[in-house]
Student: 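Before I ask anything, here is the structure I am working with.
In what follows, residues are counted from 1 in the order of the sequence shown. This structure is a prediction, so every number in the text was calculated from the model and none was measured.
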Amino acid sequence: MNEDSPTAATMPLSAQMRRGDLFTGKCPSREVLTHVTSRWGVLILVALLGGTYRFSDLRRKVNGVSERMLAQTLQWLEADGFVLRKSYPVVPPHVEYSLTPLGLEVGNKVEALADWIEESLPQIMEARRLIADG
């Protein structure tokens with residue numbers, strides 16, 4: 001960082017917020033980060049990388065998520081611009097969920113993190129065992 005560039009400490013809060021300073025307490029990016037990196041947010045985004053799903057199919061795909069939590073997480077991800085909800089005017093109601101272009105971007109990023117966790121799971125489990133064994 002050069003001497004002429006402002007640091008977070010010298011920047012007005014409004015400038016930090018526009019910049020998306022994640023370490024600022026009221027930064028709106030924190031809420032988005034919570035939605036994307038929550039257990040269900042990650043799993044839903046990765047599932048939707050596989051294509052379009054109806055609500056019940058997505059619930060089966062993301063084993064363990066309650067109907068309420070799935071609906072809430074989908075609403076958050078839709079509000080953040082990551083998920084597209086398409087409702088068809090039929091009886092019974094038919095609703096489909098898919099990723100927007102922005103959702104594809106973030107989905108690929110969280111999928112990379114999920115893949116890393118899966119690949120590193122033996123080392124992670126060994127570290128947990130060592131801690132537990134004292």
Side-chain angles (χ1 to χ4, degrees):
M1 188 176 247
N2 71 41
E3 292 177 25
D4 297 327
S5 64
T7 63
T10 61
M11 290 170 62
L13 183 58
S14 60
Q16 292 178 38
M17 301 267 291
R18 280 193 305 275
R19 189 174 144 269
D21 187 349
L22 192 58
F23 297 106
T24 301
K26 295 189 190 243
C27 182
S29 60
R30 284 191 180 191
E31 185 176 17
V32 176
L33 184 66
T34 299
H35 299 162
V36 168
T37 61
S38 70
R39 172 186 3 175
W40 305 122
V42 168
L43 294 173
I44 290 166
L45 288 167
V46 172
L48 288 173
L49 283 171
T52 300
Y53 283 87
R54 291 180 73 171
F55 186 89
S56 58
D57 295 331
L58 191 55
R59 184 161 180 227
R60 276 190 292 281
K61 176 82 172 169
V62 183
N63 190 350
V65 67
S66 70
E67 191 171 312
R68 179 180 169 272
M69 199 68 231
L70 178 58
Q72 184 175 49
T73 305
L74 284 166
Q75 287 172 354
W76 289 335
L77 295 173
E78 182 184 10
D80 291 336
F82 302 136
V83 168
L84 178 64
R85 179 184 188 274
K86 184 163 181 156
S87 181
Y88 296 90
V90 294
V91 176
H94 180 98
V95 180
E96 294 179 340
Y97 297 91
S98 59
L99 293 177
T100 64
L102 197 58
L104 285 168
E105 279 186 59
V106 73
N108 285 320
K109 293 187 183 302
V110 296
E111 182 181 45
L113 175 60
D115 288 346
W116 179 88
I117 291 169
E118 287 289 320
E119 292 165 8
S120 302
L121 199 54
Q123 295 123 298
I124 295 167
M125 297 308 290
E126 177 63 13
R128 285 181 173 186
R129 188 190 64 75
L130 290 172
I131 296 294
D133 291 348

Student: Test of understanding: with salt bridge (Lys or Arg N to Asp or Glu O under 4.0 Å), list the residues that count as partners of R129, not counting sequence neighbours.
Tutor: E126, D133
Student: How many angstroms lie between CZ in R54 and NZ in K86, if you round to the nearest 0.5 Å?
Tutor: 13.5 Å
Student: Has L121 got more than 12 heavy atoms of other residues, nucleotides or ligands less than 6.0 Å from its CG?
Tutor: yes
Student: Closest heavy-atom contact between T52 and E96?
Tutor: CG2-CB, 3.6 Å
Student: Distance check, rounded to the nearest 0.5 Å: L74 atom CG versus M69 atom CE?
Tutor: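 These two atoms lie 10.0 Å from each other.
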Student: List, one per line, each side-chain donor-acceptor pair under 3.5 Å for residues 98-119, sequence neighbours excluded.
Tutor:
from, atom 1, to, atom 2, distance (Å)
T100, OG1, G81, O, 2.6
T100, OG1, F82, O, 3.3
T100, OG1, L102, N, 3.4
T100, OG1, G103, N, 3.0
N108, ND2, L104, O, 3.0
W116, NE1, S120, OG, 3.4

Student: With sequence neighbours left out, what residues match R85 under side-chain contact (heavy atoms from CB on, under 4.5 Å)?
Tutor: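 side-chain contact (heavy atoms from CB on, under 4.5 Å) list for R85, sorted by chain: E78, S87, V95, Y97.
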Student: Could you measure the distance from the CZ atom of R128 to the CD1 atom of I124? Nearest 0.5 Å is fine.
Tutor: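 Result: 7.5 Å between the selected atoms.
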Student: Using 0.5 Å steps for rounding, measure from the CG atom of L33 to the SG atom of C27.
Tutor: 9.5 Å
Student: Out of curiosity, I44 CD1 to R59 CZ, how far, rounded to the nearest 0.5 Å?
Tutor: 11.5 Å
Student: V83 and L48: side-chain contact (heavy atoms from CB on, under 4.5 Å), yes or no, with the steps?
Tutor: CA-CA 9 Å; V83 168; L48 288 173; 3.9 Å; yes
Student: Take W76 and E31, measure what side-chain contact (heavy atoms from CB on, under 4.5 Å) needs, and give me the verdict at the end.
Tutor: CA-CA 10 Å; W76 289 335; E31 185 176 17; 5.9 Å; no
